[in-house]
**Student:** 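If you scroll down you'll find the structure; I have some questions about it.
Atoms within each ligand, like the ligands themselves, are counted from 1 in listed order.
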Amino acid sequence: MSPKNFEIQPVAGRIGAEIVGIDLSASLGDDIISEIRQTLVQYKVIFFRNQQLDASKQVAFARRFGEVTTAHPTVPSLPGHSEILDLDYGRNVNRANHWHTDVTFVDRPPLGSILRAIEIPLSGGDTVWANTVTAYQDLPTPLRNLADQLWAVHSNAYDYAAATIDLSEEFRAYRAIFESTVYETLHPVVRIHPESGERGLYIGGFVRRLKGLSQTESDDLVRLLQSYVTRLENTVRWRWQEGDVAFWDNRATQHYASDDYGSQPRRVQRVTIVGDLPVGIDGKHSEAIKGDSSAYNRREAIAA
Ligand SMILES: O=C(O)CCC(=O)C(=O)O
Ligand SMILES: [Fe+2]
């Protein structure tokens with residue numbers, strides 16, 4: 001595919017491209033949105049430098065790709081913009097320096113996320129994305145055959161104890177509801193991408209165990225599969241500048257935000273687009289096993 005409306009500059013060999021020649025604050029026609037979507041599916045994460053987006057325009061842009069979530073239960077949203085996660089590291093949120101795919105513990109995990117750089121340290125604070133499709137292709141055949149048969153329980157029952165600082169009363173109350181709600185969803189370890197048809201490894205930070213294996217077997221096997229995801233060849237690293245926008249396909253990537261900038265401020269803001277129910281290679285769909293995860297994407301529904 002060669003888009004008519006912008007130029008594509010790949011950033012690394014297997015994942016990531018910069019899109020040049022688009023002003024995201026302008027009103028964009030359906031043809032441009034469709035080319036952006038195709039480029040996203042092909043490159044997995046796309047970058048736009050030096051954009052003039054504000055919060056409302058960021059949300060409006062995200063809505064062109066699907067329904068957006070009304071924020072996250074453990075990260076405060078921007079006042080007046082419940083769709084925007086305000087990630088102000090060191091102030092209101094823990095650093096995301098662990099490999100993960102966003103929110104996979106619900107049955108309809110995000111299609112993608114759009115992140116805008118508000119304040120970036122002078123040095124450090126890069127984000128790295130990994131291509132989970134090429135990771136799958138890198139597996140030797142016997143491991144691929146094994147992965148094809150596996151299903152994993154993803155859960156939000158991670159450790160909140162270390163988390164967050166300085167929350168408002170309202171948010172503390174809201175968060176308490178979330179912390180007492182465990183979501184567990186069974187997802188295929190190998191997921192068919194709904195738009196490209198590609199097979200990719202669908203694991204990441206929220207996997208708790210593989211169905212049918214002991215905890216030790218699960219941990220060892222997930223670690224082994226994960227080592228293919230994080231091979232440098234399957235990654236791209238982005239050096240942020242203020243005004244940059246990154247848009248990733250959450251169905252085919254993991255990411256990691258490097259925590260190497262000490263006490264310098266770093267603030268980014270995310271809008272999250274709701275995705276569909278994942279499908280495994282046998283045609284079976286993911287299944288919620290604990291918690292009403294259909295409510296997860298709407299703060300109003302959880303707080304109710
Ligand atoms: O701060 C970043 O660069 C990424 C944070 C993150 O994991 C996210 O926005 O989903
Ligand atoms: Fe994330």
**Student:** Quick one: does NZ or CZ of Arg95 land under 6.0 Å from the six-membered ring centre of Tyr261, within 45 degrees of the ring axis?
**Tutor:** yes
**Student:** Please state which protein non-hydrogen atom is closest to atom 8 (C) of ligand 1 and give its distance, to 0.1 Å?
**Tutor:** Arg270 NH1, 3.4 Å
**Student:** Run the numbers for me: atoms of ligand 1, each under 4.0 Å from some heavy atom of Asp102, listed by number.
**Tutor:** 10 (O)
**Student:** Please indicate whether any nitrogen or oxygen in Tyr89 is less than 3.5 Å from any nitrogen or oxygen in ligand 1.
**Tutor:**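 Checking ligand 1 against Tyr89, an N or O pair does fall under 3.5 Å apart.
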**Student:** What does the angle at the Fe ion (ligand 2) come to, between atom OD1 of Asp102 and atom NE2 of His100, rounded to 10°?
**Tutor:**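 Reported to 10°, the angle equals 100°.
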**Student:** Quickly, which of Thr101, Thr272, Ile273 forms a side chain to side chain contact (heavy atoms under 4.5 Å, CB included) with Ser113? Name it, please.
**Tutor:** Thr272
**Student:** Once rounded to the nearest 0.5 Å, what's the spacing between atom CZ of Phe6 and atom CG of Leu28?
**Tutor:**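 Nearest 0.5 Å value for the CZ-CG distance: 10.0 Å.
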**Student:** If you take the nearest heavy atom of each of His255, Gln254, His98, Arg266, which one is closest to atom 2 (C) of ligand 1?
**Tutor:**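 Nearest heavy atom to atom 2 (C) of ligand 1 lies in Arg266.
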**Student:** Using heavy-atom distances, let me know which of Val128, Leu115, Val268 sits nearest atom 4 (C) of ligand 1.
**Tutor:**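 Looking at heavy atoms only, Leu115 sits closest to atom 4 (C) of ligand 1.
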**Student:** Please say yes or no: joined through hydrophobic side-chain contacts below 4.5 Å, possibly via intermediate residues, are Tyr228 and Trp99 part of one cluster?
**Tutor:** no
**Student:** I want to know whether Phe65 and Phe247 have ring centres closer than 6.0 Å.
**Tutor:**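 Between Phe65 and Phe247, the centre distance is under 6.0 Å.
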**Student:** So if I count the atoms of ligand 1 from 1 in the order they appear, which ones are less than 4.0 Å from some heavy atom of Thr127?
**Tutor:** 2 (C), 3 (O)
**Student:** Which of these, Val189, Thr104, Val190, Thr132, sits in a side chain to side chain contact (heavy atoms under 4.5 Å, CB included) with Tyr202?
**Tutor:** Thr104
